[in-house]
Amino acid sequence: MTTATVTVGAVPGTHQVAPPHTFILFGATGDLAHRKLFPALYSLYMDKLMPEQFAVVGVARTDFDDAHFRDEVRSAIEKFGRIKPDKTTFAKFVERFFYKSVDVNNPEDFRKLKERVEQVEKQLDLPKQRLFYLAMAPNFFGTVALSLKSSGLSEVDGWRRLIIEKPFGRDLESARVLNNELRQVFEEEEIYRIDHYLGKEMVQNIEVIRFANSIFEPLWNNRSIANVQITSSEVVGVEDRASYYEKSGALRDMVQNHMLQMVMMVAMEPPSRLNMEAIRDEKVKVLRSLRRYTLDEVMGNVVRGQYTAGTINGKPVKGYREEPNVAPNSSTETFVAARLYIDNFRWAGVPFYIRTGKHMAAKATEIVIQFRDLPKDMYFNQNGQLGPNLLRIRVNPQEGMSLLLNAKQPGTDETVVPVSMEFSQSVTNSPEAYERLLLDAMQGDSTFFTRWDEVSLAWKFVDPIAEAFHTHAVPLHQYAAGSWGPKAAEQLLHADGNAWWPVHGQQPAAAVKAGNPM
Ligand code: BG6
C-alpha cells in the first residue's frame, strides 16, 4: 500500500482570554482535579488564556490549609501537566489557590465557604463571577447545588455557571430528579454538563471536515455511505474504580455519553449557523431519529461482554470478576457493541456500528466511514478484490485522518491497490480536552457541553438496553483481556455482510472477513 502523508504543524490558537472570576472546585483532593483540572488551569495560565484576575478555591472534606493545597497543586502539575511548573511564573499562579474544608452534608460549612470565597474576592479585588465545578461523587450533585443556593453562594453580581461531571443520572428517571434539583438553582444556560470527548481535537474537527470540504457533504448520506463504525477501545481494565463501574458498566460509562456524542457529530445536519444552540439543536435531532429498541430488538442489535483473564502487553492480567471490589458473580458489562439506525432521510438504512470496551487489544478511538462498493461487474472489480473507500478519523491516540482510495499499482497493467492518504496531526503538546472545555465554560460557550434534551434522549435510548442487560435478556459474552471483544461482536457485523475495520496500525483479526491493509 502506498501512503501519502500530509502533516500540519501547530496552528496558533485564536482563543480569547477568559474573563475574571473565582473558580470554586468541589472535589479538589480527587483524582480528576489532580490529573486533569490543575494541569489544565496551569496550561491555560501559561498560554495566557487565564485572566489577570482569578482565584481558585478548592473544596473537599479533608482538612488542610492553603499552603498544603498549593503543594498538592504543584505536585499534580509536575506529575500530570502538559506544561510543567516553571520557576518564575508558578509561584504567581499558585498564590491564587485557596482551600476550604467542607462537609457537603453540613449547611453551616457552606455558610463558612461563602465567607471564605467573599474574603478571597475582596483580597484579590475580583468581581462576583463564579464558576462552580463539581468533580465529586454524583450522589452529591443535587445536595451541593441546593446548598449553594441556601447559603447564598450562588448569588452573584456578574455571571455564575455550574460545570458538572458525568454521570448525569443512571437512567432517565434519576437524571430528571437531578436536573430538577439543579434547575432550582441554575438556569439551563448556566449548566455545563461535561463530556470530555467533546473537548477532543478530532471530535471537534468532525464538524470542520464535514462542513468545510465540499467533497464530503454531497456524499455524506445513505446513497454513498454503506456503514459507519465507531470504536473506542481501552487497554486499561477497571483499575481501582470498581465501586463506580460495577453500577455503571460500559453502557452507562461510555455509550450513553461519549459514543452517542460521536454518533451525533457524524450524523448531524449542517447547522443553520455556527452558534452553540444551532449546533446543539442539530445534534438533538439525531437522537430524536435514533431508533429506540424494544427489549426484543436489543437482543438482535446489542452485544455485551465481560473480560476474563488474558494477556496485555505480554503480561497476564486478571479477569473482571477477580478485580478488587468486583462481585465474584458480577454481570457488569465491560464491553458493548451495537448496531444503531438513524431513521431520517439522510441515514435511512445505514448501520452505525459502535463498540467500546476495557482491557482490549489497543487503545484507540476511531471513526470509519465506509463508502459503498462499486458495482461488482466493473472492469476493476472482476474478482471482487476491490476494497471500498474509507474515511478514517482518528481521535486517539494518534490524532489524524486518512482516506483510502484505489489506484493502479505502478508498473502493472491492471493491478489495483489501496492507497492511503494520511493526515496526521503532529501537534505535540496540543491542548488537552479539559483545557478547551474549561476555557469555553469560563467564556460562556456551551457548544461542546451536553444540553438537557441531549441527556434525556440519550437515556431514553439507553434505558431499554440497560433493562435488557439487567434482566439477562441479552447474554453476557466473555472475551479474553487483550482481545478485540467477544466473537458475538464480529458476528453482529457479519450478519450484515460487514466486518469491523481494524484500528489504525492493527492487523485484521483472523475472523474479520474483509481484510483491510491499513
Ligand atoms: C471516562 C470513563 O469518561 O472516559 C472511563 O469514565 C474511560 O471509564 C474514559 O476510561 C476514556 O477516556 P479517554 O479520553 O481515555 O478515551
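Here, residue 1 is the first one in the sequence, and each next residue gets the next number. Numbering of ligands and ligand atoms starts at 1, following listing order.
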Would T22 and R130 count as having a side-chain donor-acceptor pair, cut-off 3.5 Å? no

Suppose we measure from atom 5 (C) of ligand 1 to each protein heavy atom; which comes out shortest, and what is that distance? R241 NH1, 3.3 Å

Proximal ligand 1 atoms for H258, defined as those under 4.0 Å from one of its heavy atoms: 1 (C), 3 (O), 4 (O)

Heavy-atom distances under 4.0 Å are what count here, so tell me which part of Y197 touches ligand 1: side chain, backbone, both or neither. side chain

Nitrogen or oxygen atoms of K363 and ligand 1 under 3.5 Å apart: yes

Do other residues, nucleotides or ligands put more than 12 heavy atoms under 6.0 Å from R183 CZ? yes

Does N313, at its CG atom, have more than 12 non-hydrogen atoms belonging to other residues, nucleotides or ligands within less than 6.0 Å? no

So for atom NZ, which belongs to K363, do other residues, nucleotides or ligands contribute more than 12 heavy atoms lying within a distance under 6.0 Å? yes

Any idea which of K358, E165, K36, E234 brings a heavy atom closest to atom 11 (C) of ligand 1? E234

Evaluate K166 for polar contact with ligand 1, using N/O atom pairs at a separation under 3.5 Å. yes

Does this structure show an ion pair linking K283 with E454, if we count only N-O contacts that are shorter than 4.0 Å? yes

Ranked by distance from atom 14 (O) of ligand 1, the top protein heavy atom is K200 NZ, 2.6 Å

Examine Y42 together with F90 and report whether their ring centres are nearer than 6.0 Å. yes

Report yes or no: is the cationic atom of R392 (NZ for Lys, CZ for Arg) under 6.0 Å from the centre of the six-membered ring of W501, at an angle within 45° of the ring normal? no

May I ask you to list the atoms of ligand 1 that are less than 4.0 angstrom from any heavy atom of D253? 2 (C), 5 (C), 6 (O), 8 (O)

Atom 4 (O) of ligand 1: closest protein heavy atom, distance to 0.1 Å, is H196 CE1, 3.3 Å

